[in-house]
Structures are given as structure tokens and as C-alpha cells.
Protein chains: 2
Amino acid sequence: MIRIVEVGPRDGLQNEKSILATEDKFQFISALADSGLKSIEVTSFVKAPAIPQMADANELFSKVKTELFDSGVSFPCLVPNLKGYETAKKLGVKEIALFTATSDSFTKKNINATVDESFERMREVVEEAKKDKIMVRGYVSTAFGCPYEGTMDVKKLISVTKRLFELGVYEVSVGDTIGVAIPMQVRSYIRALKSEFPIGKLAMHFHDTRGMALTNIYVSLEEGITTFDSSAGGLGGCPYAKGATGNVATEDVWYLLQSQGLDTGIDIAKLAEASRFILGKLGRPTESKFLKAYLSTGKI
Amino acid sequence: MIRIVEVGPRDGLQNEKSILATEDKFQFISALADSGLKSIEVTSFVKAPAIPQMADANELFSKVKTELFDSGVSFPCLVPNLKGYETAKKLGVKEIALFTATSDSFTKKNINATVDESFERMREVVEEAKKDKIMVRGYVSTAFGCPYEGTMDVKKLISVTKRLFELGVYEVSVGDTIGVAIPMQVRSYIRALKSEFPIGKLAMHFHDTRGMALTNIYVSLEEGITTFDSSAGGLGGCPYAKGATGNVATEDVWYLLQSQGLDTGIDIAKLAEASRFILGKLGRPTESKFLKAYLSTGKI
């Protein structure tokens, strides 16, 4: 069984130009939960002016909590700092995700902090989360490459991953934030990671900016990875390559996994319908070639 | 060194709605040749009413012969029958491509002949081509799956490939015509093929209809394949899945190959410019995610 962490409502929608109605986002999340996805990242508790796409975090999460919490699905939320954590906690969030990167240039531009400073912020949050019995997942951005520093050394990835596990996260999601990872690099970085950490605690988070995501996932599977982040319909984009693709599409990942005989528990018809709905609201086509063919033929 | 057979001007453009001016096609082919591609399929000598996109075959090939024949590039043309062959020969074509399939339903719908009958037609052509010292390449369509018969048994592929080699083709291009091949199947079919035939005489021809082409190429490389067909910019479409993707994009293949440290002799800037030009004439965006990112950032 392969676990997919659906990040479309958060990582996807936060990189879309259109700002959707809360009700549409909720319908989307509800449809995703109904499709069999077991972990759906709902939103991000950031300051509204920073990311207007996430400005309705409180309202959206409250609705998810009221209406979907008995579905057995996890609904993690991104939390950038202690203030965001306090809000999330009050609303009843049971799992949070924290993020850092391997590149100081990236974290500075992104969250105005060095990597070390980001760990100070995360430590404050994790200390509270432990007391509150809230699960914490860690993201490492720019694991393979950074828009400012280029290819990132695997040693930085190992070091940041180690610090995240020491902090107390239950899983580290290794992010190819700008979609520059290539299969050879993915294989060698995973081999380095699994010599240090249990592979079951590692997730891969690929962006399909250069069309390499599925091949990178194929290689990750060969190396034993069992958790992948993806975005329904391939929502999102890449702020560092205008007009380029965002997260790998959940449908593409599903198609590869089922072709390898790997179960995900996802009902593809329901998932495709969820994507079709939200893409309609955004008024844009999908970036998933499989989804295009599936919606056109009605067949896998 | 990996050999790429560029099929954009033929397999790509014949599946585009727009019918381009001969001069535009020539500019495209000229730019492709200048980019370092060593084999470019120019056109198809079919009856004009059957495929209006190829109606200017004579004029286009004549121009290619006059202006590009000293470039050291091969310019094969598709030939469906003896009549097409005679035309091609008169115009000075030095290499032809013939096609059949593993599925009778497919050849019947496509060329109104069973697979056996297609071999009778091909035999007439190959006998002449041998006398004329014209090289012959063979295509096997529906090698993995057929829109009418579903998944195709590897035994049919072995049998058709064997008959093509017996006929006298120098290479067999194994075609995933409708883009249904999956990595596991690709690996097992190539293993079956290479137990019967020299792997250096086999090419893989993937369509990216379901986004699986690059992963299938990755697996093909692992199995030792060194020749791939592709289409600049991902031109073309799939007549069996409306709105879906056609041939795998040459740029995507290039990106995967160079990421694996494999040389193709292609200048990516020139190739991307050739694609940008022809996509402009067609008035449509590329299906290649790598090309989108490359044109957006100007960087690999």
C-alpha cells in the first residue's frame, strides 16, 4: 500500500492566480476525501496579506472539522510559526506541517529567516505540539536544487532531515520545490537518506516543472519509498518558471502506481471528478496527461 | 550515443488539425536538421485526400532534397504502398519507412488490410527498394495495446517484428501508438524482443497520451535500447483520445537523456527554437513540460 498525501488544496491552490470561494474549496476537499485519499493538506495558517489564496484558512478548516472529521481522513495544515500554530490548535487541527529548506537563500527570500532561524521557529511550535499531542510533519524545500543556489548538496539534505527528526516530526517530506530533480540524483539522494533514516519515515514531494516527476517517482519506488505528495489535477504552478507546471498530479501518480500493481485505495473516477470540478472553478485545463486522456475517453 | 528519430514533421503534423504551408514545414525541418538531429522523417507519400496534412509531400521533399541533402542528415519518408514508393523513388528518397501493426482490427481500420495483407504490400515495396538500394525502416503499431483489441500479446509483437526483419528492414520501431504502455510491460516486452533480435536494431516509439512516455523510455534505456522516436515540441495528438497528447516530445527525451549523462548531439536551444516556430504556426502551446520551463526561464 502506497500512501499519498494530497497537497492540492494547499500547495496547489496557493500557487494559482485565482482566489476561490471557501465553499468551492470545501467541496473540493470533500470530494477528495470521498475518493479514498487518507491525508489531505487543507490550508496554511499564514498572515492573509502574504498569501491571499489562504486567507480563509480559519473558515475553511472549521467547515472541514465540522463536516469531514469523522471520515477517517487526516487533514494536516501548514503552520509557519507559533502564531499560526495557536490558531490551528484553537480550531482543532490534529496534524500540522512545518517547513524549512536546505538553502539559506531560499528560506531568506521565502520566510525571511536562515535555515537555522527556521529551526528556532519550528522548535517553539514542536514543543507546544508535543504537549498538545498534535502530530507534526516536516517539509524540506529545495532538497535537490534551489532557484538561487543551484544544485544542493545531499549533505545539506541529510543534515536538515536529521535536525527535523531530532525535533520530533513523524515524517520528512523531501521536496523538489522547483522541479529540477533528475532520476540519477533522486536515486543517489534516497540511498544517502536511507542509510541514515528509516525509509518508512521519508516521503517524496516532486514538482513536475520539467516533466520528470513520474520517472523520479518510479526511481523512488525502486528505492523503497512508500509515501508521495501530489496535487489533484496537477494544481499549482512554479513561481520560479512562469507558465510551468506545479506539483505532480495525483492522477498521474495513481496511474503509475496502479500500473506497477501498487494499491492506493483511491477511486480514480471520484478523484478525476474532484479535479474536474476545481479546474472548472479555476477556469484552466489540467496539467495531467493521464487525466486529460481519462476525461476524454472515460477509460483508464 | 543515443539516436533520436525525429518524427514531428510526419507523425506529429499529420495529427494536427491545422494544415501548414509547405514553406513553414520546410523551415521547421531545416531548423531541426540544424539542431543536430541526424534522422528526420519528412513526410508520407499517401493519397492526398486520405491525409490532407501530407498533401504537399512531393513539393516538400523536393525542397528538402535540394537544400538539405548535403547536411549529413537522413530524411526518411513514410510509404504506404508501391505507388507511394514509386513517387518517393522518383523524388530521390534514400530511406523509407513502412508500417504494419500487431492488431488486424487496427490495420483494417487504418489501411483497410489485415496484418498479413499489409505484409504483402510491404513485400512488393521492399523488393523494389532492395534493387534501388533504398534503406527500409519498419514500424509496428499497436505493439502494446490497440484501441479496438485492448492489450496486445507480446507474441504478436515478436511475430510481426520477425517478419519485418525477414523482409529486410534495417530497424524495427516498436510503437505504442495510443500511449497505453506501462513500465512493467515495456520492460517485459523488450526482454522478450531482445532474446530474439539484436537490441541495436530495435527502436522504441512512445506516445505520451497518459504521461508515461519518459518513464517508459527510462526503463527502455535500462534494458539497453539506444534509439527512440520522438516529435519536436510534442506535436501531434491521439485520434483515439480527443484532446490528449501525441508523440513524446523530443525536448523531453533530450532532457531525460542528458540527465542520465547520455549524448544525443542535439543543441537544445536550436531544437527549442524550431519547436517554438512551428507551434507558433499551429497556434498552440507545447505539450512538453520541459520545453515550457525552458522557454520560460531560458535555462535547462
Side-chain angles (χ1 to χ4, degrees), chain A residues 144-145 147 150 178-187 207-219 221-222 234 237-246 248-249 251-262 285-300, chain B residues 144-145 147 150 178-187 207-219 221-222 234 237-246 248-249 251-262 285-300:
Chain A
F144 299 93
I178 56 168
V180 290
I182 53 174
M184 222 181 245
Q185 187 190 19
V186 169
R187 196 183 295 281
H207 283 230
D208 203 22
T209 319
R210 287 159 187 84
M212 209 49 77
L214 284 187
T215 310
N216 287 336
I217 291 175
Y218 182 84
V219 166
L221 288 166
E222 285 188 333
C238 180
Y240 310 99
K242 210 181 141 194
T245 317
V248 64
E251 289 86 353
D252 284 339
V253 178
W254 177 87
Y255 182 60
L256 174 64
L257 292 173
Q258 69 86 35
S259 83
Q260 293 289 105
L262 296 166
T286 179
E287 293 289 350
S288 162
K289 291 179 181 179
F290 167 75
L291 182 56
K292 268 187 209 168
Y294 179 76
L295 291 174
S296 157
T297 63
K299 286 188 299 191
I300 292 156
Chain B
F144 299 93
I178 56 168
V180 290
I182 53 174
M184 221 181 244
Q185 188 189 18
V186 170
R187 196 184 294 282
H207 283 231
D208 203 23
T209 319
R210 288 161 186 82
M212 210 48 78
L214 284 188
T215 310
N216 287 334
I217 291 174
Y218 182 85
V219 166
L221 289 167
E222 285 188 333
C238 180
Y240 310 98
K242 210 181 141 192
T245 318
V248 63
E251 288 86 353
D252 284 338
V253 178
W254 177 87
Y255 182 61
L256 174 63
L257 292 174
Q258 68 85 35
S259 83
Q260 293 289 107
L262 296 166
T286 180
E287 293 289 350
S288 162
K289 291 179 182 180
F290 167 74
L291 181 57
K292 267 187 211 169
Y294 179 75
L295 291 174
S296 157
T297 62
K299 288 187 298 190
I300 291 155

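Because the structure is a prediction, the values reported are computed rather than measured. Each chain gets a letter, A, B and so on, in the order the sequences are listed, and its residues count up from 1.
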With a 4.5 angstrom heavy-atom cut-off, which part of A/E222 approaches chain B: side chain, backbone, both or neither?
side chain
Heavy-atom distances under 4.5 Å only: say whether A/I300 touches chain B with side chain, backbone, both or neither.
backbone
Where A/P147 and A/I178 come nearest, the two heavy atoms and their spacing
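Nearest pair, atom of A/P147 first, then A/I178: N-CD1, 3.5 Å.
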Of all the heavy-atom pairs spanning A/Q260 and B/P183, show the shortest one and how long it is.
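Smallest heavy-atom distance, with atoms named: OE1-CB, 3.8 Å.
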Could you tell me if B/S288 and B/D252 have a donor-acceptor pair between their side chains, going purely by distance under 3.5 Å?
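Their side chains do contain a donor-acceptor pair, which is all the 3.5 Å distance test asks for.
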With a 4.5 angstrom heavy-atom cut-off, could you sort out which part of [X] is near chain A: side chain, backbone, both or neither?
X      : result
B/Y218 : side chain
B/L295 : neither
B/T209 : both

Flag the pair B/L221 / B/L257 as yes when at least one side-chain heavy-atom distance between them is below 4.5 Å, and no otherwise.
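Contact flag for B/L221/B/L257 side chains = yes.
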May I ask you to test the A/Y294-A/Y255 pair for a side-chain heavy-atom distance under 4.5 Å?
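A/Y294 does not reach A/Y255 side chain to side chain.
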If we define contacts as heavy-atom pairs under 4.5 Å, which of A/L256, A/V180, A/N216 has the most with chain B?
A/L256
Looking only at B/G211, B/G261, B/A249, B/P285, most heavy-atom pairs under 4.5 Å shared with chain A are made by B/G211
If you count heavy-atom pairs under 4.5 Å between each of B/K292, B/E251, B/E287 and chain A, which one has the most?
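Option with the top pair count is B/E287.
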Ignoring hydrogens and angles, tell me if any N or O in the side chain of A/D208 forms a donor-acceptor pair with the backbone of A/A213 under 3.5 Å.
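Yes.
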